[in-house]
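Single-structure report; data block below.
Within every chain, numbering begins at 1; the chains are lettered A, B, ... in the order of the sequence lines, protein sequences first and strands thereafter.
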Protein chains: 2
Amino acid sequence: MEFKEAKNKFVQTWGALGSQWGINKTMAQIHALLMVSNEAVSMEDIMDELQISRGNASMNLRALMDWGIVYKEYKAGERREFFTAEKDLDELAVKIARERSKREIKPALKILKEVSTIDASNSAEEKHFVDQTSKLYDFVLKADNMLDKMTEFNENWLGRLVLKIMK
Amino acid sequence: MEFKEAKNKFVQTWGALGSQWGINKTMAQIHALLMVSNEAVSMEDIMDELQISRGNASMNLRALMDWGIVYKEYKAGERREFFTAEKDLDELAVKIARERSKREIKPALKILKEVSTIDASNSAEEKHFVDQTSKLYDFVLKADNMLDKMTEFNENWLGRLVLKIMK
DNA sequence: ATAAACTTTCATTTATTTTTGAAAGTTTAA
DNA sequence: TTAAACTTTCAAAAATAAATGAAAGTTTAT
């Protein structure tokens, strides 16, 4: 396999993986492209390589920057903007986890707390509902806290975690 | 908040959370419904509660059973089939992790290995590509192995893991 | 202040995913 | 074996999500 083919395959794969995890395909592809680029890439080049429109490129770059995993870069004497991706994978994972926690898990927890605290003195059905949603609340809270902990680990938390799990 | 309202809110929230993580909304809603039901539910009742068609209910129940998190149940003297969800959350998490690993992560790893082993003796650009995709391969492999390890932990792995992380 | 060079926005279009529902398939009881 | 009671399948329709592109906005150099 030659370089161009490999690069394309990687970008496509990363895009597909993104889709499966609820991240829009183009966003994941742009990120993939930037991760494997050894220098900052202009919007023009991104549009060209991925065959996407200016608007699409602009919006998804903005989204990636909002996630804190893509940065703008300015080059001396150049009018246009260039983009680079976070290349440290530990840092990348932490940022993604933090963002998904904030946007998706925390709001879900709030609802779980609400529904698990209704008065259920009536039927067995209601008791089971409160019991199960309470357990779910505890579980999700614990999992979410675990993500927070990752953040505190300064370097290579994944490697260390694997070691710990192994005992 | 009364029971019916709370139950509906929970089902909707779980459905929305599913969507955001690449799981189809109805599939997540059916799962939510079954998780908080203290007894097995018929397809008819699922269709009715979620206002979905027979085909939709059938296909998503099949998908949930393929994931191993919903079971069929037969009642004596009853022609129709009833469904229950896995209610043990540790077990649920392990099964979901195992399934996503098999379907999504393992295939992605295969591709990562392929593209990270091309000959890159030429440019700095190619060297960076190989370097970055290799790192990614290692990272994803490690994360995936961690999921496997969860499986080996027999009970309450999440609680124990949190303890370990806390040091 | 102007205009060139660039980026962002968002109403509309396009693509993708999900849902429907009717026909085909299956199982059970008599 | 037949027919009622139920489930599955899948082509077509509907709903949802993403992409386009032209107009509006911004920045910079002169």
If every non-hydrogen atom of A/Met35 is compared with every non-hydrogen atom of A/Glu86, which pair is closest and at what distance? CG-O, 4.1 Å

Given atom CZ of B/Arg80 and atom P of D/dA5, what is their separation to the nearest angstrom? 12 Å

Answer yes or no: is there an ion pair linking B/Glu81 with B/Lys75, defined by an N-O contact shorter than 4.0 Å? no

Nearest-nucleotide check on DNA chain C, A/Asn56 vs A/Glu78; residue mapping nearer the 5' end is A/Glu78

Is there a residue in residues 19-54 of chain A whose heavy atoms reach under 4.0 Å of DNA chain C, and which residues are they? A/Met43, A/Arg54

Does NZ or CZ of B/Arg100 fall inside the cone over B/Trp67's six-membered ring, less than 6.0 Å from its centre and within 45° of the axis? no

What parts of residues 59-77 of chain A reach DNA chain D, counting only heavy atoms under 4.0 Å away? A/Asn60

Between B/Gln29 (side chain) and B/Gln12 (backbone), is there a donor-acceptor pair under 3.5 Å? no

Side chain to side chain, B/Gln132 and B/Lys127, heavy atoms closer than 4.5 Å: no

Options C/dT20, C/dA5, D/dC6, nucleotide nearest the side-chain atoms of A/Arg79: C/dA5

Presence of salt bridge, A/Glu44 and A/Arg80, under 4.0 angstrom: no

Ring centres of B/Phe3 and A/Phe129 under 6.0 Å apart? yes

Using the benzene-type ring in the case of Trp, are the ring centres of B/Phe83 and B/Tyr71 under 6.0 Å apart? no

